[in-house]
Amino acid sequence: MELLIRGGRVIDPAGGVDDVLDILVKDGRIARMEKTVDAPGAQMIQAAGLVVCPGLVDMHVHLRDPGLTHKETIPTGRAAAAAGGFSAVACMPNTKPTADSPEVLGYILDAAASPGPHVLPIGALTVGERGEALTDAAALRQAGAVALSDDGMPVQSAAVMRRGLQAAGAAGLPVLSHCEDGELVRNYAVNEGAVSRALGLPGRPAIAEELMVARDAMLAQETGCPVHICHVSTAKSVEIVRRFKALGVPVTCETCPQYFSLTEDEVPRQGTLARVNPPLRTKADVEGILQGLQDGAIDAIATDHAPHAQAEKALPLPEAPSGMVGLETALGVTLTYLYHTGALSLPQIVKKLTAAPAAILRVPYGRLAVGGPAHITLFDAEEAWTVEPERFYSMGRNTPFGGMTLRGKVKYTIVDGQIVYRDEKERL
Ligand code: DOR
């Protein structure tokens with residue numbers, strides 16, 4: 001079966017392509033990518049006016065499966081990924097049991113083996129994410145792990161982190177670090193600042209994140225092992241990463257759409273829907289994040305898709321779990337706040353959602369190459385739509401973007417040459 005994607009604006013930052021081209025897909029691969037391709041009998045997608053780019057890569061999601069399937073399952077998470085334009089998602093190990101063994105990774109890979117977005121498991125850095133004994137990095141890599149992380153339960157001990165980096169480095173795996181000092185943040189719900197004071201709640205201070213960003217960047221410098229900082233949320237975190245990069249240290253970082261679009265002011269308005277770790281910060285932090293996205297201090301955009309059940313998010317703010325879903329709003333929020341504001345160009349944005357995260361994880365995604373796998377996303381950069389959480393494919397409805405009108409919509413997601421998502425307005 002052949003599929004012809006006709007006349008779209010093909011943006012492939014890894015290959016240096018930004019041109020109106022036809023793409024012919026055959027047997028799951030890109031067969032041709034040229035000005036004009038004739039393929040009589042091929043299924044055709046009219047892509048004029050659309051952007052055609054490599055399938056998006058989300059290096060940070062929580063699929064909750066095994067064990068927390070009242071929040072999300074691997075099938076529902078993959079359906080949400082497809083609807084969001086993602087052909088590959090890397091899933092964090094804070095499942096039940098923790099993804100700290102080849103057996104749990106095997107379960108995840110088996111559950112995600114059907115056609116659709118690929119699931120790339122991230123193994124835990126420490127057993128049970130308890131921050132003490134290290135997992136077997138080589139065995140986890142052998143079982144399919146693309147990275148190691150204790151996301152959600154940051155490794156508090158510098159000694160454990162240092163040994164973990166060395167072990168992961170020796171096994172050829174990057175470490176992804178959620179940076180927050182546990183004693184400084186406890187289980188507090190919001191950023192420490194004007195909003196926490198107004199609400200009379202203890203807050204999570206920016207320094208709790210920045211101290212650990214600095215610690216892990218220094219450990220990367222000392223060990224030579226790559227560290228990737230998850231979801232940076234403060235201007236100073238960006239500045240620390242920028243400085244260590246300038247020294248040639250192997251440190252990279254991501255941010256998430258909520259950190260360049262929202263501030264702590266969302267908490268009084270939206271309550272637990274705006275509760276996330278690290279917390280939404282200040283306007284000055286949003287500006288620092290934008291600067292980092294522009295100058296390259298921030299490499300990638302990830303979602304930290306963190307579904308929770310409605311009853312859990314209905315708890316009072318100090319008790320509700322942290323996290324927000326993001327797969328189905330990521331592209332719309334990113335285009336609305338980065339492209340339509342003039343902050344970043346489409347090729348810059350596409351790179352941060354494709355080639356950059358793929359390079360950090362060293363996985364073969366995020367590129368359109370003749371002969372390579374046909375993981376392709378088509379989107380309309382202009383189309384306005386309103387976020388309706390009740391229509392999400394994800395089981396999670398916990399988004400602060402509900403009801404918001406965004407500009408930029410996923411039209412088709414193609415994985416291994418198969419259309420795995422098509423916007424309801426599109427007809428072949
Ligand atoms: O808000 C968050 N939720 N941050 C994390 O690091 C973990 C995540 C979750 O698993 O719910």
Side-chain angles (χ1 to χ4, degrees), residues 58-74 76-77 80 89-100 108 121-122 124-126 128-131 147-156 175-182 184-191 203-204 208-209 212-213 216 228-234 237 253-259 262 264 266-267 270-281 302-313 315 317-327 329-330 394-401:
D58 189 345
M59 66 186 301
H60 189 149
V61 304
H62 298 270
L63 295 183
R64 307 302 193 199
D65 192 353
L68 299 166
T69 51
H70 64 291
K71 298 177 195 267
E72 188 82 288
T73 67
I74 288 172
T76 57
V89 296
C91 61
M92 285 295 179
N94 60 342
T95 48
K96 221 171 159 181
T98 307
D100 59 5
I108 293 168
I122 297 164
L125 184 62
T126 70
E129 287 195 311
R130 284 193 289 276
L148 299 182
S149 180
D150 275 7
D151 182 67
M153 302 284 287
V155 176
Q156 297 300 314
V175 170
L176 317 183
S177 180
H178 173 134
C179 290
E180 282 189 302
D181 179 290
L184 284 170
V185 300
R186 308 245 170 207
N187 190 32
Y188 301 153
V190 294
N191 182 44
R204 305 171 89 92
E209 174 177 323
M212 206 182 271
V213 172
D216 288 354
H228 174 78
I229 310 292
C230 298
H231 41 49
V232 291
S233 73
T234 85
S237 291
C253 72
E254 73 199 25
T255 193
C256 310
Q258 56 268 26
Y259 300 118
L262 304 177
E264 59 184 356
E266 235 29 69
V267 177
Q270 302 220 44
T272 61
L273 290 181
R275 178 173 176 169
V276 62
N277 297 342
L280 301 176
R281 307 280 189 188
T303 65
D304 193 11
H305 177 79
H308 291 293
Q310 262 157 313
E312 296 166 332
K313 278 292 195 181
L315 292 167
L317 188 58
E319 288 143 52
S322 298
M324 37 185 73
V325 289
L327 283 167
T329 50
S394 170
M395 286 164 65
R397 302 285 183 264
N398 49 304
T399 174
F401 298 107

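The basis for the numbers below is simple: all heavy atoms, side chains too, and nothing from hydrogens, waters or symmetry mates. First listed ligand is number 1; within each ligand, the first listed atom is number 1.
The shell of residues lying under 4.0 angstrom from ligand 1, judged by heavy atoms, includes H308.
Under a cut-off of 6.0 angstrom, the local environment of CD in E319 is crowded, with over 12 non-hydrogen atoms contributed by other residues, nucleotides or ligands.
Contacts between M324 and ligand 1, counted as non-hydrogen atom pairs separated by less than 4.0 Å, are absent for every part of the residue. Contact annotation for H178 and ligand 1: only side-chain heavy atoms (C-beta onward) come within less than 4.0 Å of the ligand.
The shortest N or O to N or O distance between V276 and ligand 1 is not below 3.5 Å.
Close contacts of ligand 1 with A306, meaning ligand atoms under 4.0 Å from a residue heavy atom, involve 3 (N), 8 (C), 9 (C), 11 (O). Atom numbering of ligand 1 starts at 1 in the shown order; those under 4.0 Å from a heavy atom of D304 are 4 (N).
Between K71, H62, E180, it is H62 that holds the heavy atom closest to atom 7 (C) of ligand 1.
Annotation: atom 3 (N) of ligand 1 to nearest protein heavy atom, S322 O, 3.1 Å. Summary of contacts: the protein heavy atom closest to atom 11 (O) of ligand 1 is R64 NH2, 2.7 Å. Scanning the protein for heavy atoms near atom 4 (N) of ligand 1, the closest one is N277 O, 2.9 Å.
At distances below 3.5 Å, at least one donor-acceptor pair connects side-chain atoms of K313 with backbone N or O atoms of R275. A side-chain donor-acceptor contact under 3.5 Å links R64 to the backbone of P307.
Residues P66 and I108 meet the side-chain proximity criterion, which asks for heavy atoms closer than 4.5 Å.
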* To do: Check the pair L327 / S394 against side chain to side chain contact (heavy atoms under 4.5 Å, CB included), numbers first and verdict last.
  => CA-CA 8 Å; L327 283 167; S394 170; over 6 Å; no

* For R281 and S233, what are the C-alpha separation, side-chain angles and deciding distance, and is it a side-chain hydrogen bond (donor to acceptor under 3.5 Å, both in side chains)? -> CA-CA 7 Å; R281 307 280 189 188; S233 73; 2.8 Å; yes

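For H62 and D151, the side-chain atoms include at least one donor-acceptor pair closer than 3.5 Å.
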